[in-house]
Amino acid sequence: MKPRTYTIHSHRGGSGKSVIASSIALELALRGYNVLLVDMDLRAPSLYYIFHEPLVKYWINDYLDGECGFEETLVDVSEKYGLRGRLTLSLANPDIEVVKDALTKTRKWEMNALKKLVKARKLASELGFNILIYDTSPGIHYSSLNTLIASDYAILVVVPDNVDVKGALSFVREIYDTIKTKAFLIVNKVPTSNRDEAKNIAKTLADQLKLPLLGAIPYYHEVVRYNGVKHMVLEVPEHPYVSDIRNIVDKMLS
Ligand SMILES: Nc1ncnc2c1ncn2[C@@H]1O[C@H](COP(=O)(O)OP(=O)(O)O)[C@@H](O)[C@H]1O
Ligand SMILES: [Mg+2]
């Protein structure tokens with residue numbers, strides 16, 4: 001069976017995609033799922049740092065450039081974090097020269113990259129992964145479009161400020177209607193500590209965007225403090241951010 005594939009997407013950078021992608025992946029692996037998490041944000045890679053700079057032999061960039069097989073990019077962190085299921089990463093290279101190179105790829109390269117993503121998904125299924133998660137670039141860059149095309153579901157992360165909302169409104173119609181990837185919404189960094197109020201703000205936004213709501217996450221300063229230092233799902237499991245993530249994962253699985 002093909003792994004269920006999700007792209008975590010947004011209109012703008014900084015909306016919380018990478019933290020959400022890594023938290024969801026960890027929570028799923030804690031529950032016993034075999035999860036493959038791929039950093040397709042070649043323009044601003046961050047999973048390498050979020051997962052504390054593990055030893056990487058080949059990057060996803062190398063695979064997309066045809067320099068190695070997809071298996072050779074995989075880094076298993078299940079044991080390191082004591083997870084019940086498997087959590088395997090395929091990481092993007094944060095080296096500045098490589099990031100610059102990723103900004104100037106040709107259309108031909110992008111088309112080939114799409115083929116490679118489809119191939120990677122097939123391999124993920126052969127390797128026994130149940131769930132494949134892509135963290136991606138914001139906006140309508142080719143790499144995010146490719147990733148969305150190669151996914152079953154898109155999870156759009158929106159911050160409820162007027163600029164992000166306005167952008168997201170035009171964005172949803174442009175992209176998800178065209179690609180026909182089933183999309184869900186997470187409203188992140190909601191500026192209130194009252195969870196009912198956060199939910200109401202998120203519901204209003206979900207209605208505006210006409211997307212089913214997967215979760216409303218308040219702004220928590222601990223998320224900033226722990227990012228790249230501690231995995232909250234593992235090390236601060238009593239924090240409300242983690243219960244928000246658990247609720248989202250429950251919905252993803254239902
Ligand atoms: N719910 C939240 N509350 C507070 N800060 C958050 C929250 N979610 C993410 N952040 C912070 O926002 C910043 C951007 O998050 P990141 O996941 O890197 O965004 P993206 O991948 O969309 O660019 C980070 O400093 C992160 O710690
Ligand atoms: Mg990111």
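For Ser78 and Asp76, the side-chain atoms include at least one donor-acceptor pair closer than 3.5 Å. No hydrogens or angles considered: nothing links the side chains of Asp41 and Thr136 as a donor-acceptor pair under 3.5 Å.
With sequence neighbours left out, Arg195 forms a salt bridge (charged side-chain N to carboxylate O under 4.0 Å, His left out) with Asp244. Taking the salt bridge (charged side-chain N to carboxylate O under 4.0 Å, His left out) definition, one finds that Asp250 meets it with Arg31, sequence neighbours left out. Under the rule for a side-chain hydrogen bond (donor to acceptor under 3.5 Å, both in side chains), the partners of Arg225 that lie at least two apart in sequence or sit in another chain are His221. Not a single ring pair (Phe, Tyr, Trp, His ring centres under 6.0 Å) links Tyr49 to another residue, sequence neighbours left out. Every residue two or more places apart in sequence or in another chain was checked for a ring pair (Phe, Tyr, Trp, His ring centres under 6.0 Å) with Tyr241, and none qualifies. In this structure, Lys189 has no salt bridge (charged side-chain N to carboxylate O under 4.0 Å, His left out) partners at least two apart in sequence or on a different chain. Under the rule for a side-chain hydrogen bond (donor to acceptor under 3.5 Å, both in side chains), Asp177 has no partner lying at least two apart in sequence or in another chain. Phe70 pairs by the ring pair (Phe, Tyr, Trp, His ring centres under 6.0 Å) definition with Tyr63, not counting sequence neighbours. Partners of Lys100 according to the salt bridge (charged side-chain N to carboxylate O under 4.0 Å, His left out) rule, which considers only residues two or more places apart in sequence or in another chain, are Glu97. Residues satisfying the side-chain hydrogen bond (donor to acceptor under 3.5 Å, both in side chains) test with Asp95, not counting sequence neighbours, are none.
The aromatic rings of Phe171 and Tyr176 sit perpendicular, their planes meeting at an angle over 60°, well past the 30° parallel limit.
Using modelled atom types, one side-chain atom of Asp39 and one backbone atom of Leu47 make a donor-acceptor pair closer than 3.5 Å.
Between Tyr134 and His9, the ring centre distance reaches or exceeds 6.0 Å.
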Please tabulate, for side-chain N and O atoms in residues 148-155, each donor-acceptor pair with protein atoms closer than 3.5 Å (sequence neighbours left out).
from: Ser151; atom 1: OG; to: Thr7; atom 2: OG1; distance (Å): 2.6
from: Ser151; atom 1: OG; to: Thr147; atom 2: O; distance (Å): 2.7
from: Asp152; atom 1: OD1; to: Arg121; atom 2: NH2; distance (Å): 3.0
from: Asp152; atom 1: OD2; to: Thr5; atom 2: N; distance (Å): 2.8
from: Asp152; atom 1: OD2; to: Arg121; atom 2: NH2; distance (Å): 2.9

Could you please spell out the steps behind the salt bridge (charged side-chain N to carboxylate O under 4.0 Å, His left out) verdict for Lys105 and Asp101? CA-CA 7 Å; Lys105 296 295 190 190; Asp101 180 62; 2.8 Å; yes
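Sorted pairs that involve residues 202-219 and meet side chain to side chain donor-acceptor pair (under 3.5 Å), not counting sequence neighbours, are lacking altogether.
You'll find the side chain of Leu127 stays beyond 4.5 Å of the side chain of Thr88, heavy atoms only.
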